[in-house]
Amino acid sequence: MEGGAAGVHGHRHADESLLDDEKAMLANDPGGMLRATASAGAQVRESAALAAETDLSMLIDEGRPRAVVVAGIGTAGLTGNILATVAGPRCPVPIIGHRSAGVPGWVGAADVVIAVSASGRSPEALAAADAAARRGARLVAIGNPDSELEAMAARARAPFIPVPRRAPARASLWGLTVPVLLAARAIGLVKVTEADLAETATRLDADAERCRPAADSFVNPAKALALGLAGSIPIVWGSSPLATVAARRFADTLAANARYPVMAGALGEAGRGRVGLLDGVFGGLAESSRDIFADPDEEEDSATTRLRLVVFRDGGLNPEDDADEPVAVEERRADAVQTLAERRGVRCDVLTAEGGSTLERLASLTSVPDFASLYLALAHGLDPMAVPAISEMKELSNPMPEAIQ
């Protein structure tokens with residue numbers, strides 16, 4: 001195994017054989033990221049039960065807020081996007097994700113602030129909770145029990161929903177998301193039923209079984225997706241607001257777990273300019289030099305890095321519902337970009353949402369990609385949990401102790 005800088009170990013090319021050796025995979029995953037990701041269904045059930053035990057009457061008694069701010073960073077910040085997507089275009093109040101310290105300047109007593117932190121100590125969530133309390137906004141805090149965030153909520157006499165931290169935040173998406181949704185439900189902004197939660201948990205369980213480490217690459221959809229992306233520059237586009245949230249989640253996990261540079265966003269935005277990447281030096285120009293008779297398994301030895309397109313499609317639960325954009329337009333756009341990729345020889349994977357609720361459909365678009373990001377890391381001999389650059393970044397950016405200045 002090749003050694004990299006700053007203690008990073010792995011190898012440049014993905015090794016498919018590593019994904020068919022369960023013992024080797026688990027040895028390269030000492031932090032248990034595969035196990036944590038497989039717990040997504042259990043996270044839904046546990047966090048729903050913990051939210052049900054929390055007194056949210058303060059939120060209900062004061063009626064509908066002027067706006068809801070979901071404050072957090074990283075995966076915690078993504079919960080705000082998920083809430084806005086589940087609430088949909090008919091939501092009676094704006095839902096704003098805030099990913100920096102404090103809260104927007106206009107936040108006041110008429111608003112609700114949901115501060116989210118898996119560890120319970122992120123500076124962004126703590127600063128948001130403090131600012132909300134000082135301005136008289138209604139506050140809900142979500143995070144690790146017995147943390148600084150819980151203590152801050154107690155001082156503000158605000159509800160705190162405990163989410164025990166058993167894994168890094170990026171493997172705790174559902175544990176953090178469900179309490180945010182249920183807090184919003186308490187103030188009448190979303191319609192998430194117990195059946196929706198149960199079906200979402202069941203979907204996540206089923207996908208975890210399909211993507212289990214013991215399943216060979218040819219029957220494991222996450223391993224197949226990972227191997228298809230190996231050695232490429234992934235571009236992940238979502239056809240709808242829900243699919244775009246899932247696309248951005250996949251980009252986050254590919255970057256954090258597999259250390260792949262990724263571009264992600266809405267297909268509508270891509271059609272205004274970024275679709276031109278398909279014609280570029282990593283797209284059509286690279287593909288034009290591909291030997292169509294070459295063995296695909298030998299192409300990783302090529303010096304040419306190519307794009308790999310991943311399209312997340314939704315289609316919606318009810319095409320007649322009011323939306324920012326008609327479903328038919330989203331579907332035609334998705335068809336068009338797949339055709340463009342095919343004409344240029346750019347390889348494309350398509351994931352299509354399934355399920356009877358918005359929440360379950362989101363789960364169907366995140367579960368397999370979450371596992372794929374881990375398998376891609378493991379195929380390169382990387383530990384998906386250990387990210388030395390993060391520790392070094394914190395060390396270098398923190399102020400030097402006065403004693404050694």
**Q.** Verdict with supporting geometry, V262 and I235, side-chain contact (heavy atoms from CB on, under 4.5 Å)
**A.** CA-CA 6 Å; V262 192; I235 296 183; over 6 Å; no

Q: Sort and list the pairs that fulfil salt bridge (Lys or Arg N to Asp or Glu O under 4.0 Å) and have at least one residue in residues 159-184, not counting sequence neighbours.
A: E46-R166

Q: Any chance you could lay out the side-chain contact (heavy atoms from CB on, under 4.5 Å) test for T85 and L362, step after step, and finish with the verdict?
A: CA-CA 9 Å; T85 299; L362 180 64; over 6 Å; no

Q: Salt-bridge test for R121 and E148: reply yes if a basic N is under 4.0 Å from a carboxylate O, no otherwise.
A: no

(Q) Under 4.0 Å between a side-chain nitrogen and a carboxylate oxygen: does that hold for R35 and D29? (A) no

Distance from [X] atom [atom1] to [Y] atom [atom2], nearest 0.5 Å?
{"X": "R45", "Y": "T202", "atom1": "CZ", "atom2": "OG1", "answer": "5.5 Å"}
{"X": "I161", "Y": "L149", "atom1": "CD1", "atom2": "CG", "answer": "11.0 Å"}
{"X": "M58", "Y": "R138", "atom1": "CE", "atom2": "CZ", "answer": "10.0 Å"}
{"X": "I233", "Y": "L309", "atom1": "CD1", "atom2": "CG", "answer": "13.0 Å"}
{"X": "I114", "Y": "L176", "atom1": "CD1", "atom2": "CG", "answer": "12.5 Å"}

Which heavy atom in [X] sits nearest to a heavy atom in [Y], and how many Å separate them?
{"X": "D205", "Y": "A42", "answer": "OD1-N, 4.2 Å"}
{"X": "D383", "Y": "P30", "answer": "OD2-CG, 3.5 Å"}
{"X": "F160", "Y": "G143", "answer": "CZ-O, 3.4 Å"}
{"X": "A128", "Y": "A71", "answer": "CB-CB, 3.3 Å"}
{"X": "A341", "Y": "C348", "answer": "CB-CB, 4.4 Å"}
{"X": "A133", "Y": "A156", "answer": "CB-CB, 3.9 Å"}

Q: Might you work through the side-chain contact (heavy atoms from CB on, under 4.5 Å) test for L307 and S232, ending with a clear yes or no?
A: CA-CA 5 Å; L307 298 181; S232 72; over 6 Å; no

Q) Could you go step by step and tell me if L34 and F371 meet the side-chain contact (heavy atoms from CB on, under 4.5 Å) rule? A) CA-CA 7 Å; L34 284 168; F371 278 101; 4.1 Å; yes

[Y] versus [X], side-chain donor and acceptor atoms under 3.5 Å:
{"X": "S217", "Y": "N220", "value": "no"}
{"X": "R313", "Y": "Q338", "value": "yes"}
{"X": "D207", "Y": "S364", "value": "no"}
{"X": "Q43", "Y": "S47", "value": "no"}

Answer yes or no: is there a side-chain heavy-atom contact under 4.5 Å between [X] and [Y]?
{"X": "L19", "Y": "L227", "answer": "yes"}
{"X": "F312", "Y": "S239", "answer": "no"}
{"X": "M263", "Y": "R274", "answer": "yes"}
{"X": "N257", "Y": "L376", "answer": "no"}
{"X": "D130", "Y": "M152", "answer": "yes"}
{"X": "D349", "Y": "R308", "answer": "yes"}
{"X": "N28", "Y": "L382", "answer": "no"}
{"X": "R249", "Y": "P369", "answer": "no"}

Q. Hey, does the side chain of T54 reach the backbone of L50 with a donor-acceptor pair shorter than 3.5 angstrom?
A. yes

Q: Taking the six-membered ring for Trp and the single ring otherwise, decide whether the centroids of Y375 and H380 are under 6.0 Å apart.
A: no

Q.
Counting only heavy atoms from other residues, nucleotides and ligands, does the tally under 6.0 Å from CD of E342 exceed 12?
A. no

Q.
R212: which residues meet the salt bridge (charged side-chain N to carboxylate O under 4.0 Å, His left out) condition with it, sequence neighbours left out?
A. E209

Just distance, no hydrogens or angles: give the donor-acceptor pairs under 3.5 Å from side chains in residues 98-107, sequence neighbours left out.
| residue | atom | partner | partner atom | Å |
| --- | --- | --- | --- | --- |
| H98 | NE2 | S100 | O | 3.3 |
| H98 | NE2 | S100 | OG | 3.3 |
| H98 | NE2 | G102 | O | 3.3 |
| R99 | NH2 | G77 | O | 3.4 |
| R99 | NH2 | N81 | OD1 | 2.7 |

